[in-house]
Amino acid sequence: MTAEPIAQTPIPDHNELFSQEVYLEQAARKREFENPCGSDEVARVADWTKSWEYREKNFAREALTINPAKACQPLGAVLASLGFAKTLPLVHGSQGCVAYFRSHFARHFKEPVPAVSSSMTEDAAVFGGLNNLVEALQNATTLYKPEMVAVSTTCMAEVIGDDLFNFIGAAREKEAISEDFPVPFAHTPSFVGSHLTGYDAMLKSILGYLAERNTAERTPNGKVNVVPGFLPSVGDLRELHRLLSLIGVDYTILGDHSDTFDAPVNGEYDMYPGGTSLEAAGDAVNALGTVFLQGDSTKRTSDFVGAEWSGKTATTGLPVGVKATDRFVQAVAEVAGITVPEAITTDRGRLLDAMSDSYAYLHGKRVAVAGDPDLVVGLLEFMLELGMEPVHVVSTNGKEDFKQQAEAVLAASPFGSSATVWPGKDLWHLRSLMFTEPVDLVIGSTYLKYVARDTNTPLVRVGFPIFDRHHLHRLPTIGYAGSIELLSRLVNTVLDELDRNASDISYDVVR
Amino acid sequence: MTITPSRETTEAIIADVLAAYPPKTAKFRSKHLAANAPEGGKECEVKSNIKSRPGVMTVRGCAYAGSKGVVWGPVKDVVHISHGPVGCGQYSWGTRRNYFNGTLGVDSFVAMQVTTDFQERDIVFGGDKKLAQTCKEIAELFPLAKGISIQSECPIGLIGDDIDAVSRDSGKALNIPVVPVKCEGFRGVSQSLGHHIANDAIRDWVLGTGELETETPYDVALIGDYNIGGDAWASRKILEDMGLRVISQWSGDGTINELANAHKAKLNLIHCYRSMNYICTTMEEKYGIPFIEYNFFGPTKIVESMRAIAAAFDETIKAKTEAAIARYEESFEATRTRFRPRLEGKTVMLLVGGLRPRHTIGAYEDLGMEIVGTGYEFAHKDDYSRTNPELKAGVVLYDDPTAWELEEFARRLKPDLMGAGVKEKYVFHKMGLPFRQMHSWDYSGPYHGVEGFAIFARDMDIAINNPTWSLITPPWAASTSEEGAA
């Protein structure tokens, strides 16, 4: 039986209920018990937080972090692990961390996130987590039948100094797992770096481990490896596949979570719907070379590959916009030893076509941007190509090298002259920047919605996490085609604002 | 019509699901699973509040989540420091939907992520100085903050920091309460110990320090409602309709003043027993304040609870209570009339935290729905003894179930609706099962109170009767399944 739709009065929920008189009166009555601040005082302080004086105090912070745009290492390690086929992430330490990683990714991708914990508690804090890890490996492999378990650590395990190498060895001795069951591991203390550091550490471990297990004679496989790094959209990875097919190379994407986080609803739950095959990953050592999309989020991996593997390596920067995608295409073609095919030129031309349709609305727009370092640099480059003017450039997990990189990109364009780059700053810093020096648009994750609302600035959602809009995690924002999607988000946000603020006179039907 | 399997059938299902585990783990897990018997007792007893086995994919969180995420986080005029590395505060930033009235970042700080963002040097040299400096900077940047709470993350208890001393010194220097909470994630077996630790911190640092200008015989405290999607406001409305004066609301849309003055209540009313029974017991012992558990999900339980609360007061309250019940009946009836025919006979499996696996049963039953399986993430024995009589014989009870168990029970019981958390949601979507998040109300709510029941009914109807679910099987697939059409 399928129930018929019902045409009755809508039922008000929190979106309407609490602005009703009865609830406003309730709130007023409750204030008697709240010892609240006076509304004048609240208004005065609210105004003060918008001032230059507050900005100076805010930037004088030495210890306090407010609304940072970064997460911790093991979160990244979990994403890296899920980029490989039939791989179960196991995070060694307190179990609450894994609950957080799973819910964080589930809110972003709106997909299941399989991962297990070794569930350490007080006794493990005293005696170490050896027994926990051994039992975790046995339970997880028996129950969930992965073909690989990728182990990372929480800060608890790191503070007490648990040794994964020895613990995993002990698990084999105790026959919790077989002698040859693959268990790459990475120490990922959350008090060092960010989620990107953990992604990098785990990826390096997996690639190194699988290459080492591949004991066959090293024979060139004629392929190009592509390392995407921490990419929060499965659309980015799908676009990468499309672009590489269009270039016409035989390739392996190392760390491909596109199917992992884009499984169909078909009546069956498959815990391992995607990922780079372990065989292909183990054979990556034999490739013609390896192209890295991101400098920061896979730095250690690229150092390792450059030193240990025989092929060429190149780091192109995230291919956002024209020139960055050109660099990526050329790097891939160069490693493969082929010329760039006409199909790519056509693809590129479509982006130029889109840009020529839209630039007039974007030229000179002042923008604030916040996010992971590689993403921010990529976005800057594209904005400059469009004639937009970056003003505030924030990356909480960006360091001095990010600053130099971003400033070099900005310096290469006259549109970059208004920008200041703020490595290590958080979104509360950004709030002060945007109040004192307003901009037309702000670009970044869902968590920028607070600053966007406070400062009345339209937000273009790009990056991670995006919890409050649907399906953006499916859409690409890299490559020529992804850049068109990004461009459409930018220009349509501007056009929405134009319409929203338009007088009757200027409310145009064609834009 | 009997939908629920017999106890024997359920026991066979449990045995079958356990067969996939290594023997030791199977033995351990078997103690956490049972077929319900409404009369309770040994035969349906499930073990609870015990460590999860490593590697099984528990849904549980940690003590920090229980303190910062549940008890303290909603207190709106206090700045809550996630003390340690950046992650814990990041993952719990704004996701629990503790609504509040106030200006964010000015006099209210609920949906903010404030952290000491520990670096390696803080682990090596200790974080006390950084914490003291953090408190100082909070006072400078947020002059209207009425207090600071320090929510300890794992490293704090391991590196020997003395956050009590920092709290005392900073509290004096800044002239606001600075409350240390030792809720490191490795403590205890789940969120539950975090609730207890958070309650104790309120007891030791805040409770009893406030005053009331005037007192009335009808002063009550609303305890254990975190105002998810506005739940506490919908509940408060009922209590006020009954003629009661709610002097304190813990902790959704709460203030430190309300934590401080709750000992002035004549009666404590507790909704989430699991997370705040501790403070109610404290107030009973220390101030002689009795407490009553109540349940504001669905008409049956709302009316039952209202009368139970009114029984503690005089005729004035009783009369107002009956008048309110009479007024509510129209709305209750409208909701039942509209939704019951669409939901009658539908079966539900639940896995939630500390009260909803039993508290929502009545609301589902008011809509003609039947619970075929329920369980808790972090319950104790007294939660299960309260649950048994609410359910039919044979309903599967699962304590701290693993992902495997929940999926397998769902495959076998084939409920029409699954209610659990965001980590579970998309698994069941893949299986083609309608799902509602029962922690966050799937971004809807309130579900408490009179308006809440209508929203609850609407949302369950939307979940179950949306046409999407009928499209899963493609027309070219040979379809012999009758279940899909059921």
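The chains referred to below are lettered A, B, ... by the order of the sequence lines, with proteins before strands, and numbering in each begins at 1. The basis for the numbers below is simple: all heavy atoms, side chains too, and nothing from hydrogens, waters or symmetry mates.
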Q) Name the one of A/Cys155, A/Pro189, A/Ser190 that satisfies side-chain contact (heavy atoms from CB on, under 4.5 Å) with B/Pro155? A) A/Cys155
Q: Flag the one option from B/Pro446, B/Gly94, B/Ala65 with the top tally of heavy-atom pairs under 4.5 Å to chain A.
A: B/Pro446
Q. Looking at A/Glu62, A/Met271, A/His195, which has the largest count of heavy-atom pairs under 4.5 Å with chain B?
A. A/Glu62
(Q) Among B/Ala234, B/Gly157, B/Gly89, B/Gly102, which residue has the highest count of heavy-atom pairs closer than 4.5 Å to chain A? (A) B/Ala234
Q. Any chance the rings of B/Trp233 and A/Phe18 have centres within less than 6.0 Å?
A. yes
Q) Looking at A/Lys110, A/Arg431, A/His104, A/Met156, which has the largest count of heavy-atom pairs under 4.5 Å with chain B? A) A/Lys110
Q: Working to the nearest 0.5 Å, report the span between OH of B/Tyr426 and CZ of A/Arg107.
A: 9.5 Å
Q. Which region of B/Gln249, side chain (C-beta onward) or backbone (N, CA, C, O), has a non-hydrogen atom less than 4.5 Å from a non-hydrogen atom of chain A, or is it both or neither?
A. side chain
Q: Please work out whether the ring planes of B/Tyr91 and A/Tyr100 are parallel, tilted or perpendicular, with thresholds of 30° and 60°.
A: tilted
Q: May I ask you to name which of B/Gly452, B/Gly432, B/Ala454 has the most heavy-atom pairs under 4.5 Å with chain A?
A: B/Ala454
(Q) To the nearest 0.5 Å, what is the distance between NZ on B/Lys425 and CD on A/Glu111? (A) 11.5 Å
Q: Among the options B/Leu158, B/Ile464, B/Ile81, B/Asp122, pick out the one with the most heavy-atom pairs lying under 4.5 Å from chain A.
A: B/Leu158
Q.
Measuring centre to centre across the rings, with the benzene-like ring taken for any Trp, is A/Trp428 within less than 6.0 Å of B/Phe142?
A. yes
(Q) Using a 4.5 angstrom heavy-atom cutoff, name the option from B/Arg236, B/His429, B/Lys136, B/Lys237 with the most pairs to chain A. (A) B/Arg236
Q. How about A/Glu16: does its CD atom have over 12 heavy atoms from other parts shown lying under 6.0 Å from it?
A. yes
Q. Side chain, backbone, both or neither: which part of B/Lys130 has a heavy atom under 4.5 Å from chain A?
A. both
Q: For A/Arg61 and B/Glu137, indicate whether the former's side chain and the latter's backbone hold a donor-acceptor pair under 3.5 Å.
A: no
Q) Around B/Arg411, counting heavy atoms of other residues, nucleotides and ligands shown, do more than 12 lie under 6.0 Å from its CZ? A) yes
Q: Scan A/Pro264, A/Pro112, A/Pro273 and name whichever one has a side-chain contact (heavy atoms from CB on, under 4.5 Å) with B/Lys430.
A: A/Pro112
Q: Take B/Arg187 and A/Glu122 through the test salt bridge (Lys or Arg N to Asp or Glu O under 4.0 Å) and record every step on the way to the result.
A: CA-CA 6 Å; B/Arg187 295 193 196 278; A/Glu122 285 106 328; 5.2 Å; no
(Q) Using a 4.5 angstrom heavy-atom cutoff, name the option from A/Ala69, A/Ser117, A/Ala263, A/Ala46 with the most pairs to chain B. (A) A/Ala263
Q) What do the steps show when you test A/Tyr54 against B/Glu140 for side chain to side chain donor-acceptor pair (under 3.5 Å), and what is the final call? A) CA-CA 10 Å; A/Tyr54 189 87; B/Glu140 282 172 12; over 6 Å; no
Q) Side chains of B/Glu451 and A/Tyr23: is there a donor and an acceptor less than 3.5 Å apart? A) yes
Q. Can any side-chain N or O of A/Asn35 pair as donor or acceptor with the backbone N or O of B/Asn257 at less than 3.5 Å?
A. no
Q) Looking at A/Asn58, A/Thr142, A/Val22, which has the largest count of heavy-atom pairs under 4.5 Å with chain B? A) A/Thr142
Q. Considering only heavy atoms from C-beta outward, does the side chain of A/Pro68 approach that of B/Thr115 to under 4.5 Å?
A. yes
(Q) Tell me which of these, B/Lys24, B/Lys129, B/Lys76, has more heavy-atom pairs under 4.5 Å with chain A than the rest. (A) B/Lys76
Q) Taking A/Tyr450, A/Phe105, A/Phe109 one by one, which has the highest count of heavy-atom pairs under 4.5 Å against chain B? A) A/Tyr450
**Q.** Nearest heavy atoms of A/Tyr144 and B/Val56, plus distance in Å
**A.** OH-O, 2.7 Å
**Q.** Engaged part of B/Ala132 at the chain A interface, taking heavy atoms whose separation is under 4.5 Å
**A.** neither
Q) Distance-only, no hydrogens or angles: does the A/Tyr269 side chain make a donor-acceptor pair with backbone N or O of B/Glu407 under 3.5 Å? A) no
Q: Taking A/His14 for its side chain and B/Ile228 for its backbone only, find out whether a donor-acceptor pair lies under 3.5 Å.
A: no
Q) Given A/Asn67 and B/Trp93, is the side chain to side chain contact (heavy atoms under 4.5 Å, CB included) satisfied, shown in steps? A) CA-CA 9 Å; A/Asn67 299 352; B/Trp93 179 6; 3.3 Å; yes
Q. With only heavy atoms counted, which part of A/Asp123 is less than 4.5 Å from chain B, the side chain, the backbone, both or neither?
A. side chain
Q) Is there a donor-acceptor contact under 3.5 Å from the side chain of B/Gln90 to the main chain of A/Lys70? A) yes
Q. Given that the side chain runs from C-beta out, which part of B/Pro22 has a heavy atom under 4.5 Å from chain A: side chain, backbone, both or neither?
A. both
Q: Dump the intermediate steps for salt bridge (Lys or Arg N to Asp or Glu O under 4.0 Å) on A/Lys30 and B/Glu258, then the final yes or no.
A: CA-CA 10 Å; A/Lys30 184 173 180 295; B/Glu258 291 165 88; 2.9 Å; yes
(Q) Which atoms of A/Leu88 are under 4.5 Å from chain B, going by heavy atoms: the side chain, the backbone, both sets, or neither? (A) side chain
Q. Who wins among A/Val116, A/Val113, A/Leu143 for the most heavy-atom pairs under 4.5 Å with chain B?
A. A/Leu143
Q: Please assess B/Cys62 against A/Ser94 for the test side chain to side chain contact (heavy atoms under 4.5 Å, CB included), listing each intermediate value before the final yes or no.
A: CA-CA 8 Å; B/Cys62 64; A/Ser94 303; 5.5 Å; no
**Q.** Chi angles and distances behind the side chain to side chain contact (heavy atoms under 4.5 Å, CB included) call for B/Leu141, A/Ile66
**A.** CA-CA 11 Å; B/Leu141 289 176; A/Ile66 309 164; 4.1 Å; yes
Q: For the pair A/Leu17 and B/Ile455, evaluate side chain to side chain contact (heavy atoms under 4.5 Å, CB included) and give the outcome as yes or no after the intermediate values.
A: CA-CA 11 Å; A/Leu17 267 184; B/Ile455 301 164; 4.1 Å; yes
